[in-house]
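Contents: one structure, followed by commentary.
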Amino acid sequence: MRSFIHILLAFASFIFAVRAEWWLQDIAHQGLAPSAESGYAVFRNVQDYGAKGDGVTDDTAAINAAITAGSRCGQGCDSTTATPAIVYFPSGTYLISSSLLPDYFTQIIGDATDPPTLKASAGMTGFGLIDANPYYSSDLNWVSTNVFYTSVRNLIIDTTNVAATTACTGIHWPVSQATSLQNVVFNMPTTAGVVHVGIFMESGSGGFISDVTFNGGAYGAQFGNQQYTMRNLEFNNQATAAIQMLWDWDWTFINLTVNNVPLGIDMSAGGSSDQEVGSVIVIDSTFSSVDVAIKTAYDTASTSVTNGSLVLENVVLTNSPVAVQDDEDTVLAGGGTVSAFVQGHTYTLTSGPTDTMGTVTANSRPAALLGSGSNYYTQSKPQYETLTSADFVSVRTSGAVGNGVADDTAAIQSAINSAVAAGKVVFIDYGLYRITSTISIPPGTKIVGETFPVLMAAGAYFEDINTPQVMLQIGTAGEAGTVALSDIIVSTQGAMAGAILIEYNLKAPAGTPSGFWDVHARIGGFDGSQLQVAQCLKDPGSSTVVAACIAAYMALHATAQSGGLYLENTWFWAADHDIDDASDTQITVYSGRGMFIESTTGPFWLVGTAVEHHVLYQYQFADTTNIFASQLQTETPYFQPLPNALVPFTANATLQDPTFDCDGVSGNCDEAWGLRILSSSDIFIYGANHYSWFNNYEQDCSTFATNENCQARIIRLQGTLSNINMYSVNTIGSTSMIDNDGTEVASWADNKGVYQSNIISFKSG
Ligand SMILES: *[C@@H]1O[C@H](CO)[C@@H](O)[C@H](O)[C@H]1NC(C)=O
Ligand SMILES: *[C@@H]1O[C@H](CO)[C@@H](O)[C@H](O)[C@H]1NC(C)=O
Ligand SMILES: *[C@@H]1O[C@H](CO)[C@@H](O)[C@H](O)[C@H]1NC(C)=O
């Protein structure tokens, strides 16, 4: 008997060891979408909908059934937050014969421990194995600048069954903020005449992509979008080019690896007289066996405009004879390392524009910002590949409800405390969680959300505009340690004029910063927020503030003694429209401040971040140092200047709030700053994009023809500055591009690009 049990146990543990699935597949799926139909499943395993994953059966219909179950937002639906879904693929090979069409707010996730393959059948139809925004008509189904909260990760996309000479696209991806592709491989034919393309993207306001490999095809990717950060993209053996830029305003590639391709990046679209690409930045990258690394149409004869601006920094070329080619001429030879090269308009505090096309002195990067070698530190979103579901503590299992009504403060605090004590990860099941007092997040906390659960500051504690209170308090002032947060949304419910959504206080040990990956703020504009069309409909022409729409005090505050925080793909959005309104109607909500960093030491990394529509400023760096940023992106509130940025928040001197002295500047001098840098040093920005589209909801102030005068100024430098470096500054709708203590450094009119105005390099010295 004893030995029988022993054998049974051994057999059971063998089965368990073999069967132990990745935690996300195995964990209890208890996500609650409160405004979806009853019984709505947030998590869908495609095999539960009949997909076989055997490489033989056509799984298209089964997978699309998993995507669409539960009255989701597809053809003809503007957008929604009501029906989020994870569509999960266990490992296997899924044969499909037409495009998968993810509905709005879908995360397609494969088993991270053994990524599944999506394989096109020979007769595959449609525009992309995954088509994230289909053309049911001549227009995209969704306005591409409104496609948020969609993602694909851990997947191999295989088009090798399709004849090389038949058009075939891996992923069609015209999307915007809070979206991502991560850990995706494209396998395409390498035979002669191949026309396949891995990613096709023609529009949007992105965005972030990381850890993607492209093998074969004609082009690895064709990209057109306003701005983007792309990290760890590897291209092997494309027939024509690794990347074709269709158009852009600004783009940063970090750690691009291109192997054995005739052309690395073709940014010459439109030719020298009509260039469609605004600017491109390539850093910490490698080209090997590439004939021409970058092909540009930048024309030294037409440098009155800035189209085709370019930065290379720390780019290694091996067996690649040409780094930059202009028409047919070599502008910069390859072979060796390009320390730094720019083409475009350059400025210092007291000079510019200077037309520059050639090598320049590279940024002197502080050790505190470096990872391996001389590259900037980067870190991909953790997926906890080695953990099983037993290593997670679910907040719903811990008693949180997540229906947008219950007070979930105590249950979430208890889940955090018990997870940290046991060395486990907090799992926030999808839901809308009301938080009515401060939640303490101690060092060692790891939190991962199930497709963007929402933590909402709610109730009297957060209401007082004169007594701000923190919702998520990470560590105490200067406390040592780190946290890791991913895939969550922080928010408010109703008029929380005193709510600071996140306060970061930890001082992380050198080399191991805390991380926020896909941690977004969404303030107003969704079901459950009580800050929608019904409460906060825009009222153009009126400067009356509706008190019920004063929604938040600040999104993120990194305090003076904090340091060591890596942010990747975060979007801190005060809503300009109601995502759950059938016509995406515009709303007026007031959030005081966006991201405030006043750490005296740094370091901070802001990789693909955006902050939009906060009243006083989007980014403010004060008395700080050691900041790396790739593609800051901001927008001013659409209602300003009615009221202007002095209303309804009173400047708080302790927080070094701006007071909007006009310094004799005419025009709308008192609108939100996109970026404000006070008395700081060692700041390295690779792409700073600051847009002011509207003047009290009228858009006719944000074009070259109308003199870009929605507001007078948008980037502010102030106080004692040292080593402030900004590559590729892009502005729209602001007369001044950079203002230093009341003096205009650069004007829009001197730096016109494809749509924005561009300065390729600004250095404070
Ligand atoms: C750069 O990207 C490649 C893959 O494209 C990856 O193997 C490598 O680890 C990355 N390097 C860093 C420093 O992240
Ligand atoms: C100003 O900010 C400080 C620091 O966050 C805070 O303690 C104080 O309450 C704020 N005062 C007002 C009036 O908002
Ligand atoms: C710059 O871009 C604009 C807008 O696309 C275009 O009209 C203009 O011809 C371009 N100029 C050059 C020199 O490429």
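Every number for a ligand or one of its atoms is a count from 1 in the order of the listing. By convention here, the first residue in the shown sequence is residue 1.
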Checklist entry - Within the structure, does at least one protein heavy atom fall under 4.0 Å of atom 2 (O) of ligand 1? => result yes
Checklist outcome for this item: Here the atoms of ligand 2 under 4.0 Å from any heavy atom belonging to L655 are 2 (O), 4 (C), 5 (O)
Item to check | Proximity of S272 to ligand 3 by residue part, where a heavy atom lies under 4.0 Å | outcome: backbone
Next on the checklist: If only side-chain N and O atoms count, and only distance matters, is there a donor-acceptor pair under 3.5 Å linking Y727 with E313?
Outcome noted: yes
Checklist entry - Hey, is atom 14 (O) of ligand 2 touched by any protein heavy atom at less than 4.0 Å? => result yes
Checklist entry - How close does the nearest protein non-hydrogen atom get to atom 4 (C) of ligand 1, and which residue and atom is it? => result E234 OE1, 3.5 Å
Checklist entry - Does one side chain, of S757 or E708, offer a donor that lies under 3.5 Å from an acceptor on the other? => result no
Next on the checklist: If only side-chain N and O atoms count, and only distance matters, is there a donor-acceptor pair under 3.5 Å linking D623 with T600?
Outcome noted: no
Item to check | Per-residue contact class, N307 against ligand 3 - non-hydrogen pairs under 4.0 Å | outcome: side chain
Checklist entry - Going by atom types only, do T482 and T512 share a side-chain donor-acceptor pair under 3.5 Å? => result no
Item to check | Enumerated ligand 3 atoms positioned under 4.0 Å from heavy atoms of S273 | outcome: 9 (O), 11 (N), 12 (C), 13 (C), 14 (O)
Checklist entry - Between V754 and ligand 3, which residue portion shows a heavy-atom distance shorter than 4.0 Å: side chain, backbone, both, or neither? => result both
Next on the checklist: Evaluate M245 against I265 for side-chain contact (heavy atoms from CB on, under 4.5 Å), listing each step before the verdict.
Outcome noted: CA-CA 7 Å; M245 299 300 299; I265 303 174; 3.9 Å; yes
Next on the checklist: Less than 3.5 Å apart, any donor N or O on the side chain of N689 or Q631 sitting next to an acceptor on the other?
Outcome noted: yes
Checklist entry - Any idea which protein heavy atom is nearest atom 8 (C) of ligand 3, and the distance to it? => result D274 OD1, 3.7 Å
Next on the checklist: With heavy-atom distances below 4.0 Å as the criterion, list the atoms of ligand 2 near Y553.
Outcome noted: 1 (C), 10 (C), 12 (C), 14 (O)
Next on the checklist: Yes or no: does T467 have any heavy atom under 4.0 Å from an atom of ligand 2?
Outcome noted: no
Next on the checklist: If only side-chain N and O atoms count, and only distance matters, is there a donor-acceptor pair under 3.5 Å linking N183 with N154?
Outcome noted: yes
Next on the checklist: Under 3.5 Å between any N/O of N255 and any N/O of ligand 1: does that happen in this structure?
Outcome noted: yes
Next on the checklist: Please tell me whether Y347 and N751 have a donor and an acceptor in their side chains that are separated by less than 3.5 angstrom.
Outcome noted: yes
Next on the checklist: Can a side-chain donor-acceptor contact be found between N307 and Q275 if the only test is distance below 3.5 angstrom?
Outcome noted: no
Checklist entry - Do N652 and ligand 2 have an N or O pair less than 3.5 Å apart? => result yes
Next on the checklist: Checking a contact table here: which protein heavy atom is nearest atom 9 (O) of ligand 2, and how many Å away?
Outcome noted: P468 CD, 3.5 Å
